[in-house]
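Have a look at the structure below, then the notes.
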Number of protein chains: 2
Amino acid sequence: MAQNEQTALEPRKTPVQARAAVTVGAISEATIQVLLSHGADRLTTTRVAKRAGVSVGTLYQYYPNKQSLLFALLEDHLDKVSAAVEAACERARGKPMAEMVKDVVEAFVDAKMARTDISTSLYRIAGDVGGPALVRQTGLRSQKALGAMLETAPDAVLRQEKFAIQMVFAAMAGASRSVLEAGASPAMVRNLRDHLVLLCQSYMAVATQPRRLR
Amino acid sequence: MAQNEQTALEPRKTPVQARAAVTVGAISEATIQVLLSHGADRLTTTRVAKRAGVSVGTLYQYYPNKQSLLFALLEDHLDKVSAAVEAACERARGKPMAEMVKDVVEAFVDAKMARTDISTSLYRIAGDVGGPALVRQTGLRSQKALGAMLETAPDAVLRQEKFAIQMVFAAMAGASRSVLEAGASPAMVRNLRDHLVLLCQSYMAVATQPRRLR
DNA sequence: GTGATATATGAAGCATCCTTCAGGTTTGGC
DNA sequence: GCCAAACCTGAAGGATGCTTCATATATCAC
């Protein structure tokens, strides 16, 4: 998935009629399926269109090019995860820190596991040009929300250390990905939740300590 | 980067003369550079050959196809990281657990940061077909080594819980990648080392506790 | 110096695929 | 029913790039 010089993220047409919305939905689902069955290298717009049961010309009605199709899916997914984290942060304001951490971790994992097919398939394109930047961009939203929430913790104060927050998200991302790419069986997902909560709680307990000793 | 039905990982020819070894080295370096400058989608064998200062036919003397070129680089890199972890585990046998964890984390980070260009560029191909499986495979070596080392800790006993070990590596991978894709400035790398040690130590301190309470 | 082997070259064959657009079909308001 | 707008079709234009192979050059042992 490469950066295109055109307005890569602008749809050519936005669906108006209901049948068009259905078509765009089918294209999205088909894209995920082809990513999973053929990988990014073998994903062609023709193959996606066929899988979706539409013509390739229709696909280009809604997406100016192949890259914008893929980018749209990635962005949508990242937005959903970020929104889930932000909501959890909002709900957990004022709680003890350990509880805060637990809520956020579980929200993150739940969002990642809502559709394991989507999460898993998008890793195939997320590493190439443009992907990491988008991940970082939406990640900033989540980190900001977490930071704001932590400020309201009645039992701990985090130093103005943004790195610790980044670490938490990076660890969550790494762990989730590891599980997703290994098939994400229910048992694994349960383990992931439990251990990730433990990992982040124990880390945050230490990361918030230095200031408490003053 | 997709799986090819041919013997994708077999070189067509192994360099014998010194000048051939130099050529293969130049091809590897050029591949990294093209991955960084153009991304995976825009990486072509022709472009790599030109960047390396050799003909495209020469490239195909040593690699049967494009995919095997990329796979070879990825595998080499993962092997180096794994070897570094294994060596650290060997050296840290019998030490207190916190020290063990510190040594391993630092070995991992050092291996990842030895050549940030290589580490960073390979993320561009590591997510597509075949990459995650390879990551998992070499990851098993590292996990095995870590498990064996932890068995020799004089002050802690880890339950026969392989998941905790996987978590440590997943967290390290996630955090390292986050820093690498953000440019890996010296300050960031220092922070990464410190915080990653803290993260893994605090987690392992808790993960080894349950058995201690018996 | 000779000859066998190793190594290098790059034009081109050919497969692939992105994208378009002329033409057809469906929807919804009047 | 008519008509404009929305939507759909898929063949094909043309660009791209993987890979090969006939030919040329360099190395090394005798």
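Each chain gets a letter, A, B and so on, in the order the sequences are listed, and its residues count up from 1.
Taking only side-chain nitrogens and oxygens, B:Thr23 comes nearer than 4.0 Å to OP1 or OP2 of C:dA8. In this model, the phosphate group of C:dT9 is approached by a side-chain N or O of B:Ser55 to a distance below 4.0 Å at OP1 or OP2. Between B:Tyr60 and D:dT20 there is no side-chain polar atom (N or O) within less than 4.0 angstrom of OP1 or OP2.
Distance, A:Leu69 CG to C:dC17 C1': 15 Å, rounded to whole Å. Across the protein-nucleic acid pair, A:Asn65 atom CG and C:dC17 atom C1' stand 14 Å apart, rounded to whole Å. Going from atom CG of A:Leu59 over to atom C1' of D:dC7 covers 14 Å, rounded to whole Å. In this structure, the OH atom of B:Tyr63 is 12 Å from the P atom of C:dA8, given to the nearest Å. Atom CG of A:Asp41 is separated from atom C1' of C:dC18 by 15 Å (rounded to the nearest Å). In this structure, B:Gln61 places its CD atom 13 Å from P of D:dA22, rounding to the nearest Å. Whole-Å rounding puts the B:Tyr62 OH to D:dC18 P distance at 20 Å. When the P atom of C:dT7 is taken as reference, atom CD1 of B:Ile27 falls 12 Å away, rounded to whole Å.
Taking CZ from B:Arg124 and CG from B:Leu36, the interatomic distance works out to 6.0 Å, rounded to the nearest 0.5 Å. Distance check, rounded to the nearest 0.5 Å: NZ of A:Lys102 to CG of A:Asp194 gives 8.5 Å.
There is a side-chain donor-acceptor pair under 3.5 Å between A:Ser55 and A:Thr58.
A side-chain contact (heavy atoms from CB on, under 4.5 Å) with A:Ser142 is found for exactly one of A:Val104, A:Val85, A:Ile165, namely A:Val85.
Positionally, the nearest nucleotide of DNA chain C for B:Pro15 lies more toward the 5' end than for the other of B:Gly57 and B:Pro15. Both A:Leu43 and B:Thr46 lie close to DNA chain C; mapped to their nearest nucleotides by heavy-atom distance, the more 5′-ward contact belongs to B:Thr46. In terms of position on DNA chain D, the residue among A:Val16 and A:Val56 whose nearest nucleotide sits closer to the 5' end is A:Val16.
In this structure, A:Lys50 places its NZ atom where only 12 or fewer heavy-atom neighbours from other residues, nucleotides or ligands lie under 6.0 Å away.
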Using atom names, set out every protein N or O paired with an N or O of nucleotides 25-28 of chain D below 3.5 Å, distance rounded to 0.1 Å.
residue, atom, partner, partner atom, Å
D:dA26, O4', B:Arg19, NH1, 3.3

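Nucleic acid contact for B:Thr58: base, since at least one base atom lies under 4.0 Å from a heavy atom of the residue.
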